[in-house]
Number of protein chains: 2
Amino acid sequence: MPKLVDHAQRRAEIVDALLRTAADRGLHAVTMQSVALEAGISVRLVQYYFDTKEQLLLAALTRLAARMGERIENRLRSAGDTATPAEIVEAVMLEAIPADAEGRAFHLVYTEYAVLSVTDAALASQPFMAEPDGMEVFLVRQLRAAQQAGDVDPEVDVRREAVALMAMSAGLGLSVLLGQRPADDAFETVRHHLKRLFQSITPDPAAPKSSSSS
Amino acid sequence: MPKLVDHAQRRAEIVDALLRTAADRGLHAVTMQSVALEAGISVRLVQYYFDTKEQLLLAALTRLAARMGERIENRLRSAGDTATPAEIVEAVMLEAIPADAEGRAFHLVYTEYAVLSVTDAALASQPFMAEPDGMEVFLVRQLRAAQQAGDVDPEVDVRREAVALMAMSAGLGLSVLLGQRPADDAFETVRHHLKRLFQSITPDPAAPKSSSSS
DNA sequence: TGCTTTATGGTACAACCATACCATCAAGCG
DNA sequence: CGCTTGATGGTATGGTTGTACCATAAAGCA
């Protein structure tokens, strides 16, 4: 045998090339040739490591889903062990909003995959949308903990609230992606809304005005 | 001359054929041939009425944006003249959630265009995203009116709240489109949230329990 | 040392796509 | 009545795409 290439790494490089091209020219611009060019290899090699284009696309999606998990975990880790439910919920919601170029690229490709999955059977059967369901129960747990800590009104329907929070962050993220509003605006909206939610039981007459934060 | 065809109507038929194919096979499946087939005419005719594919896509987008306006106006009209700001806001938000097949088709294609516009220069320059901005000022007005009527806490930042409401309905609509949750669930979430917003000044101790949770 | 296996390049091929070109039919105007 | 003009069909064409096929260099094993 020749160079004895590490297949896993080579596949990762190719997948990254795909994600890069998808990020700045769209998922529809992803072809065997464009990926090969971006990866600096021949088309034949892309074929060699991923027999068919569909398998390549699925591998990229898998990678993307994994990265999504990493991103959220990183957010939570950087929040530290002493993080309150309010801080955790905020971290998760802010993750859905693309701030820097990397975040934009990530969320764009992810959204492209999601929309494509509506009309593409091969993608629809892929369980990469399990995330939202898991996220929902996670948020519910955080809200319940906040309720028991007295930070959230015990009358709040935590399940409904969790759904609303996820929808809001997704919607804000999308609007930022579409260039309808700057990321900072979305950030502020999230913080403002969470402040309301987490203060709903203690209106604290000493400082009723929201004032500045962050 | 022969049949002396009404160009406007013929163009409308072709555009509708495009929207139909896009709705059930995706925007990426829209080709001159697929549109011609769906419209029951020859490819040459599609070429005849829309010189290039790009013009055809732009025409379809224009039609889509117009239909968006009609849809919202219909919602508002069916709410009647006596509608309260709360009812108007609810109507607008529910419109963003695809309930029936037609709504699904409409929102799917619209979302596909929106996502495509991120990487497609020709679409990005199109001002079909002016809607959200106009919608924002519309919602702000409604919320202000509600404040003056005493239905919304006067301390609420109406502009922030409007942004949050739009994001939430967009996010819920997207999740329904992606099959992550049923439309009824999204409806309930909207209603539940609006009930909180519009009762924030009158907590009505007679019926504090909103419903049971999971 | 020779053979097998792996990694790679190049190229061919069939399908498809957008578009251009050529032809035709019919209707109203002169 | 003939000619022009609008509406349509068919087909060619150049480009691109995904995939299959053929070839070859190199590295370890026998």
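Lettering follows sequence order; numbering is per chain, from 1.
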Original post:
Between atom CG in B:Leu18 and atom P in C:dA18, what is the gap in whole Å?
Top reply: 11 Å
**OP:** Starting at atom CD of B:Glu54, determine the distance to atom C1' of C:dC17, rounded to an integer number of angstrom.
**Re:** 16 Å
**OP:** Could you check how far CG of A:Asp6 sits from P of C:dA7, rounded to whole Å?
**Re:** 10 Å
**OP:** Say whether A:Arg25 and B:Thr119, considering side chains only, have a donor N or O and an acceptor N or O under 3.5 Å apart.
**Re:** no
**OP:** Going by the side-chain contact (heavy atoms from CB on, under 4.5 Å) test, name the single residue among A:Asp133, A:Leu143, A:Ile88 that passes it with A:Phe138.
**Re:** A:Ile88
Original post:
When you check the phosphate oxygens OP1 and OP2 of C:dG9, does a side-chain N or O of A:Ser42 lie under 4.0 Å from one of them?
Top reply: yes
**OP:** Tell me which nucleotide among D:dC22, D:dT19, C:dA18 gets nearest to the side chain of A:Arg44.
**Re:** D:dC22
Subject >> Donor/acceptor link under 3.5 angstrom from A:Gln47 side chain onto base of D:dA20 >> reply: yes
Subject >> Test item: side-chain donor near acceptor, B:Arg77 and B:Asn74, under 3.5 Å >> reply: yes
Original post:
Which whole-number value in Å describes the distance from A:Met32 CE to C:dC13 P?
Top reply: 21 Å
Original post:
For C:dA7, does OP1 or OP2 lie under 4.0 Å from any side-chain N or O of A:Tyr49?
Top reply: no
Original post:
For D:dT19, does OP1 or OP2 lie under 4.0 Å from any side-chain N or O of A:Thr52?
Top reply: yes
Original post:
Does NZ or CZ of A:Arg71 lie under 6.0 Å from the centre of the six-membered ring of A:Phe106, at an angle within 45° of the ring axis?
Top reply: yes
**OP:** Just call it for A:Phe50: base, sugar-phosphate, or nothing, with non-hydrogen atoms closer than 4.0 Å on any strand.
**Re:** nothing
Original post:
Taking only N and O in the side chain of A:Gln33, is any of them less than 4.0 Å away from OP1 or OP2 of D:dG18?
Top reply: yes
Original post:
C:dA18 P sits how many Å from B:His28 NE2, rounded?
Top reply: 13 Å
**OP:** Please state how far atom CG in A:Leu45 lies from atom C1' in D:dA25, giving the value in whole angstrom units.
**Re:** 14 Å
**OP:** Figure out the CG/C1' separation between A:Asp51 and D:dC21, and round it to whole Å.
**Re:** 14 Å
Subject >> Phosphate contact (C:dT6 OP1 or OP2) by A:His7 side-chain N/O below 4.0 Å >> reply: no
Original post:
Do any side-chain nitrogens or oxygens of A:Tyr48 fall under 4.0 Å of OP1 or OP2 in C:dT8?
Top reply: no
**OP:** Could you check how far NZ of B:Lys53 sits from P of C:dC16, rounded to whole Å?
**Re:** 15 Å
Original post:
Between B:Glu95 (side chain) and B:Ile72 (backbone), is there a donor-acceptor pair under 3.5 Å?
Top reply: no
